[in-house]
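One structure below.
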Amino acid sequence: MHTLRASKYGLAIKKLPPSIIEVIDVLTKAGYEAYIVGGGVRDLILGLSPKDFDAVTNATPAQIKAAFGRRCRIIGRRFELAHVYIGRDLIEVATFRAPPKKEVTSAQGMILRDNNWGTIEQDFARRDFSINAMYYQPRKGIILDFCNAIDDIESKTLRLLGQPAKRFEEDPVRMLRTLRFAAKLKFDIAEDILNVFTPDMAKLLRDISPHRLYDESQKMFTMGALNQILPLLIKFDIWKQLFADIPPKVTPFIERVACNTDQRIQMGKSINPAFFYAVLLWEKFVERTQFYLNKQLPPAEARAQAGLDVIKRQCTRTVIPRFTETFIREVWEMQVRLLNPKPQHIEALAGHARFRAGFDFLYLREKSGDTTTEGMGQWWEDYQHLSRDQKEVVIAKYNRQRNKKRQHPVEVIDTQAPLVKEERPRSKFSRKAKPNTATNAVASHGQQSKSSDQNVTDIGVNHPILKRKRVQRNLSDVTFGPTQ
Ligand code: ATP
Ligand code: MG
């Protein structure tokens, strides 16, 4: 074990937020050892700004709770730890862990419970990568380095502690973490990891809960190196495990949005991971909509059913929380509205809560070469920068062009109707769906001139969509993006 002088590596107490210092001080005063560990220390040494700081201590969760009282909550079952709230910050405080006992390991070697307390030496060996296993005591100004992690930082190498195959079997999520850190930090993956990182190994991710995989996917989408990680997910066969039905290919649209997302993060802007899910699933959604249209479902109905199907399939890999689902489906629905708005609804549409995300989606589709947007991405982009008078002029022009186009029938969309409708069982007097000739209600204009309301009332009572009751969700505390 080496004790490094923190200042030599650019670490100083004044670079830390007061919340993490308070956590260290409270634990120290209560008679425990306490360190900052993990990504916070790693990123500070690398000259990056850490996303958060994690603390580790020899106090048990109950003792941490006693030290912080109401500011502390114990969370987790598989991996129990304390959440300490200091002002607006949340600090995760873990207890030193010893190797897990045999009886909490699955037949495949996966650790099912990891709550066996131990010493700092044992704790270090339980961490994933050497660069994540440095312990920083800010009051003493020292870093404890048990495994020459500092050399790996200098040579930019991602090295797992222990045998890579065993470490992946214990927790397959470490495969995702490997790719995440390789992409984010631009580190090389050590040879011994590459040797065991096979498609068979990647299949172990099937045993991971969709909740945990969703959390990991969010971290991937928001780390600022999305464009780097996507090819790695394909190369190491991880894509298939995360996105069951999405073809493993970085399409121009996906690539464009990934770059855009990374740029926004670099500029410190907010992003909504749901937006990237909407992008990833888009092609599948268009394909599935076409499938229902071919079955003669009315366009609005085809889109609603396709949205349910595609998201339901994705949920078998990563859960899609309800508010995320609503957001995704509203962004998709916005595509139709923005493509063919009624002139009198244009202003209201531009003020719609989901306009920003829907427009960004449309614009990025167009910019990545999707011609089915028919230039409406640019139209809306220009529209937003016009004065009130100019807006009237372009709307009048749009109206004339639209009227010309309507000589060839198009689907007229009711831009005032809710984006994702509440689906309630209908009376037995509901009419049966009429056959329709729409070719594509999503990517281009449909061929029908029915209103979408009419389309929805055309659903038979036994149609599966009516069997799913949905309630409108509260979206007030969700940040929408990517350019909001
Ligand atoms: P980030 O910048 O994403 O927060 P991080 O390294 O801090 O990166 P966390 O998920 O916050 O990642 O975890 C904190 C620390 O806990 C890690 O640095 C690592 O030491 C340890 N850790 C987290 N997940 C695992 C795991 N699956 N196996 C072993 N150790 C882990
Ligand atoms: Mg962290």
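Start at 1 with the first residue, then count along the sequence. All ligand and atom numbering here is 1-based and tracks the order in the structure.
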Query raised in the report: Under the 6.0 Å and 45° cation-pi test, does Arg288 pair with Phe291?
Result: yes
Report task. Could you check Phe275 against Phe221 for ring-ring contact (aromatic ring centres under 6.0 Å, His included), going step by step and ending with a plain yes or no? Result -> CA-CA 10 Å; Phe275 188 88; Phe221 296 173; over 10 Å; no
Requested in this report: Indicate whether the side chain of Gln266 and that of Asp262 have a donor and an acceptor atom separated by less than 3.5 Å.
Outcome: no
Query raised in the report: Asp200 and Thr198: side-chain donor and acceptor closer than 3.5 Å?
Result: no
Query raised in the report: In terms of side-chain heavy atoms, does Thr251 have a donor or acceptor partner in Arg256 at a distance below 3.5 Å?
Result: no
Report task. Write down, by chain and number, every protein residue that brings a non-hydrogen atom to less than 4.0 Å from an atom of ligand 1. Result -> Gly38, Gly39, Arg42, Lys51, Asp52, Asp54, Arg126, Arg127, Asp128, Asn132, Asp171, Arg174, Arg177, Arg180, Phe181, Lys184, Arg212, Lys219
Report task. Quick one: name the protein N/O/S atoms under 2.8 Å from the Mg ion (ligand 2), chain by chain. Result -> Asp52 OD1, Asp54 OD2
Query - Test salt bridge (Lys or Arg N to Asp or Glu O under 4.0 Å) applied to Arg212 and Asp171, step by step - result: CA-CA 12 Å; Arg212 199 163 169 223; Asp171 182 3; 2.9 Å; yes
**Report entry** The single option from Val23, Asp52, Leu81 passing side chain to side chain contact (heavy atoms under 4.5 Å, CB included) against Glu92
**Finding:** Leu81
Query - salt bridge (Lys or Arg N to Asp or Glu O under 4.0 Å): pairs with one or both residues in residues 127-138, sequence neighbours excluded - result: Asp123-Arg127, Asp128-Arg177
**Report entry** Pairwise salt bridge (Lys or Arg N to Asp or Glu O under 4.0 Å) hits with a residue in residues 140-157, at least two apart
**Finding:** Asp152-Arg159
